[in-house]
Amino acid sequence: MIDLKALRENPDLFITGAEQKGVDVDIPRLVELDAQIRALKAEQESLKAQQNKLAKEVGPQIGQLMGKMKSATGEEKSAIQAQVEQIKSAPAALKAQIQELDEKISAIEPDLTTIHLRIPQPADSDVPVGASADDNIELSTWAPNWWDKNKSFEANKGFKPRTHIELCTMHNLVDYPRGVKIAGSRSYILTGDGMRLHQAILRYAFDTMVNINGFKPMSVPVLVREEAMIGTAFFPGGKDQAYEVNETSRGGGQDMYLTGTGEVGLMGIHQDEILDEAELPLKMVTVSTCFRREAGAAGKDTAGLYRIHQFDKVEQVIIDVADEATSRKHHQSMMSFVQSLLQTLELPHRLLQCCTGDLGTKNADMIDIECWMPGRGDEDDAGTPAGDYGETHSASRLYDYQCRRLNMRYRQGGDAGKGPTTICHSLNNTVAASPRILIPLLEMHQNADGSVNIPSPLQPYMNGQSKIG
RNA sequence: GGAGCGGUGGCAGAGCGGUUGAAUGCGCUGGAUUCGAAAUCCAGUUGGGCUUCUGGUCCACGGGGGUUCGAAUCCCCCCUGCUCCGCCA
């Protein structure tokens, strides 16, 4: 959610920001509604001020008269009664006017809120302007010394690659048909070593974040209220992407939503709180099951483990003071955690600067990390895929966009401190999302006979096993 | 699922229709006292919006609606916590 004050001062910034992100939202209309509602409220407030003033005068008068009334007789009584009614009439007249304004205000407010929530955070000026993922820019690449990214898989390793789908079948790592039987398309069952590898990478990623990078381990709800989805800015825009548990239709108090990322739970923790500056930055990590409808992705990446409805993800979040330089620094460090993780797993990858059209509504900046997946890309005449990068991580820098919605603030010196409260800045990044990360793990570390080497950091999590198959 | 009792400022905890945005205590900040500290005393200490901003004003006592000239206080709905019973991984 953007700051309305900032919008008033510089609407063009937000209009341009929305255009660059390809978001269709009527910002001039909001500016207009905002002016209207403020004028109405100002008018209403001055009436309320009069009302409050009168109420303070009227109260004691009535009290006094009521006192007199008790000892009064017949005629006196009705005279006092009339006086009381007289006194009451002035505030009553004000009340009608206030109510009238109330109606005007509530006629405008829903519209205003709807537009307000949809205005995206303008991208930072150093984010390249572009329409879609095609305009993203490669920032850097990394590969282990045994891999030359300019050569084909076969040229690097001396044999043609099997896709992860073939490898999974070969070693019984995944059971797709039975997964689909239970839960429909894009569902799967990890079996045997498939499940073990899945758990190993999650544990490795989680432990690294906690033990080495000093993040606080958390378990958070994945079934949440709408407020949490709106607060974290996944709603209203992304409502199509979330599974809904429709409790109200069976008489429950509220509908719930399955989160598509642990970010929702982590960010929701300190909603509506004023944090002590001394306890910042908050660095938290969680591992949670993520649910995505993948609405609109029909026919895309239908095979394999790439695009699925349910997966597990280790997610990192940082909440800190409102300072651009600090946010940028955290952004870099959160990416570096991932880079070193991928390096220890010997997975070639690249950093991709997302352009404005690919940022999403809430980000000022986003950098994706993509791993090389030999089984992706176009196939040649012999049916061998060329390989391609596939997104495995996404590092977002949000400034105060999310925390403003969540009403998450901090103050110097904490509760006892002085000075104004300030809205926090937040950032988030994937650490490891599995089973998608199994794709490069299996495909990159496969041998000519189809067996797969397990990277050494994962071996302790697999009871010392060094190879699948 | 049933029954009962609650949700008030950073915390604890009063108020239960009228100068109450809120007693009191704790905490915190400043001052006095002291060589200094403790103790003591005095003062201050909720958040947010609008504004013609050394000021004015409105809103908020879980959330929303209602009654009333006036609501933290009465009524309705929802959320939520605790206790007991039931069920249960």
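Every chain is numbered from 1, with letters handed out A, B, ... down the list of sequences. Bear in mind the structure is a predicted one, so any value in this text is a computation, not a measurement.
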Handout entry: A:Asp358/A:Lys21 salt bridge by N-O under 4.0 Å criterion
Key = no
Exercise for the section: May I ask you to decide if A:Met334's main-chain N or O and A:Gln316's side chain share a donor-acceptor pair within less than 3.5 Å? Expected result: yes
Would you measure the distance from the [atom1] atom in [N] across to the matching atom in [M] and give it in whole Å?
{"N": "B:U67", "M": "B:U51", "atom1": "P", "answer": "31 Å"}
{"N": "B:G7", "M": "B:C74", "atom1": "P", "answer": "11 Å"}
{"N": "B:U57", "M": "B:A3", "atom1": "P", "answer": "49 Å"}
{"N": "B:A72", "M": "B:C59", "atom1": "C1'", "answer": "14 Å"}

Exercise for the section: Drop me the distance from A:Phe235's CZ to A:Gln241's CD, to the nearest 0.5 angstrom. Expected result: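 Rounded to the nearest 0.5 Å, the CZ-CD separation comes out at 10.0 Å.
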Practice task
Compare side-chain N and O positions of A:Arg409 against OP1 and OP2 of B:G47 and report whether any pair is under 4.0 Å apart.
Solution key: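 Negative; the distance criterion is not met.
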Handout entry: Matching residue for A:Tyr399 among A:His425, A:His331, A:His330 - test: ring-ring contact (aromatic ring centres under 6.0 Å, His included)
Key =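 Checked A:His425, A:His331, A:His330 against A:Tyr399; only one passes ring-ring contact (aromatic ring centres under 6.0 Å, His included): A:His425.
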Handout entry: Bracket string, RNA chain B, 5' to 3' - pairs by Watson-Crick or G-U geometry under 3.5 Å, | interstrand
Key = ((((((((.[[[..)..(.....]]]((((((.......))))))((((((...)))))).[[[[[..)....]]]]])))))))....
Fill in the blank from the handout: Partner of A:Glu263 under side chain to side chain donor-acceptor pair (under 3.5 Å), picked from A:Asn428, A:Thr232, A:Thr430, A:Asn429, is A:Asn428
Problem - Heavy-atom protein contacts under 4.0 Å, nucleotides 54-62 of chain B, coded B base, S sugar-phosphate only, - none - result: ---SSS---
Handout entry: Residues touching RNA chain B, which here means a heavy atom under 4.0 Å, drawn from residues 4-14 of chain A
Key = A:Lys5, A:Arg8
Fill in the blank from the handout: Side-chain atoms of A:Arg38 come closest, of B:U80, B:C50, B:G47, to B:C50
